[in-house]
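Everything on this sheet refers to the single structure shown next.
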Amino acid sequence: DAKTTQPTSMDCAEGRAANLPCNHSTISGNEYVYWYRQIHSQGPQYIIHGLKNNETNEMASLIITEDRKSSTLILPHATLRDTAVYYCIVRTRSSGSARQLTFGSGTQLTVLP
Amino acid sequence: NAGVTQTPKFQVLKTGQSMTLQCAQDMNHEYMSWYRQDPGMGLRLIHYSVGAGITDQGEVPNGYNVSRSTTEDFPLRLLSAAPSQTSVYFCASRTGEPISGNTIYFGEGSWLTVV
């Protein structure tokens with residue numbers, strides 16, 4: 001199962017772009033990269049996911065390197081409400097045929113006023 | 001659109017008591033799962049279900065039972081609560097096995113304290 005490595009914490013100035021890196025060097029060819037975030041005392045929230053092409057939605061952009069061994073989540077104009085723990089996740093396979101998500105410790109992003 | 005609904009939001013139990021955390025989803029999702037999150041840590045999978053009548057163990061199943069009698073409901077039972085089960089519990093659901101990937105929807109969490 002592919003595992004991910006993220007920095008423990010990052011700061012970002014309000015209004016600037018937040019770039020959150022993630023390493024997943026053991027990712028296999030059919031595994032997707034997912035990003036979730038968890039604002040304090042709330043359930044995790046889906047942000048974006050991708051396989052090998054860069055993706056963009058209303059919340060963020062996801063840049064995946066050509067070798068797929070790392071990715072970067074970009075919040076283009078961070079606001080104070082983006083302060084959260086951000087999880088980079090690669091789909092894993094547990095016993096049986098189901099695919100579940102394995103959450104690591106994530107990156108605590110603090111957006112500073 | 002209710003999504004994933006968990007109850008109760010907060011609960012205090014005494015050691016040895018039993019209780020059930022309820023989870024319901026109204027999106028007709030096949031897959032449902034329960035995670036626990038301890039302070040400063042990521043989510044760990046307790047049990048999951050790939051459809052009504054089918055359940056399986058996740059990473060940390062000991063001390064918990066689940067059942068899936070309907071597509072909508074996936075209750076988590078603590079048979080004899082222990083202080084080590086003090087945690088925040090999240091229920092989640094998603095659609096079936098993806099070709100293009102899919103998202104997971106989480107409930108708002110249930111804060112459980114065992115004293």
Side-chain angles (χ1 to χ4, degrees), chain A residues 1 3-9 22 27-53 55 57-60 62 64 68 71 84-108, chain B residues 2-7 9-10 21 23 25 27 29-51 54-61 66 68 74 88-111:
Chain A
D1 297 341
K3 291 184 171 25
T4 62
T5 303
Q6 298 176 253
T8 301
S9 62
C22 180
I27 192 171
S28 62
N30 61 350
E31 288 183 309
Y32 289 78
V33 180
Y34 284 79
W35 283 85
Y36 284 76
R37 73 180 183 183
Q38 188 173 23
I39 297 171
H40 182 61
S41 299
Q42 297 184 20
Q45 175 189 25
Y46 166 81
I47 301 174
I48 198 167
H49 76 280
L51 183 62
K52 53 184 176 182
N53 297 321
E55 302 288 343
N57 63 20
E58 65 278 5
M59 290 181 67
L62 175 60
I64 302 175
R68 302 187 69 238
S71 61
V85 177
Y86 287 77
Y87 294 99
C88 168
I89 301 158
V90 174
R91 298 186 69 89
T92 63
R93 180 186 292 275
S94 56
S95 61
S97 62
R99 294 178 181 268
Q100 302 300 323
L101 296 185
T102 297
F103 288 76
S105 298
T107 296
Q108 171 66 58
Chain B
V4 179
T5 304
Q6 288 181 236
T7 57
K9 193 167 180 66
F10 299 98
L21 299 177
C23 177
Q25 52 93 7
M27 298 171 282
H29 285 170
E30 297 175 25
Y31 287 69
M32 296 186 74
S33 51
W34 277 101
Y35 293 85
R36 62 176 285 175
Q37 185 174 34
D38 299 316
M41 298 181 64
L43 282 78
R44 292 185 292 169
L45 181 66
I46 305 172
H47 285 285
Y48 65 95
S49 168
V50 302
I54 305 170
T55 64
D56 207 344
Q57 296 181 347
E59 181 185 357
V60 287
V66 292
R68 186 91 181 273
F74 190 46
V88 183
Y89 292 85
F90 290 98
C91 179
S93 76
R94 63 177 173 88
T95 56
E97 193 69 20
I99 296 176
S100 59
N102 58 30
T103 63
I104 287 187
Y105 297 85
F106 286 89
E108 288 299 306
S110 295
W111 273 251

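Because only heavy atoms are used, hydrogens play no part in the values below, and waters and symmetry mates are left out as well, while side chains stay in. Keep in mind that what you see is a predicted model, and the values were worked out from it rather than measured. Below, read A as the first sequence line, B as the second, and so on, with proteins coming before strands; counting in each chain starts at 1.
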Legend entry - Heavy-atom contact with chain A under 4.5 Å, split by part of B/Gln37: side chain
Inset, instruction - Measure distances from A/Gln38 to the heavy atoms of chain B and classify the residue's part below 4.5 Å as side chain, backbone, both or neither. - result: side chain
Inset, instruction - Keeping to residues at least two apart or across chains, list the salt bridge (Lys or Arg N to Asp or Glu O under 4.0 Å) pairs with something in residues 38-53 of chain A. - result: none
Legend entry - A/Tyr36 side chain to B/Ile104 backbone, donor-acceptor under 3.5 Å: yes
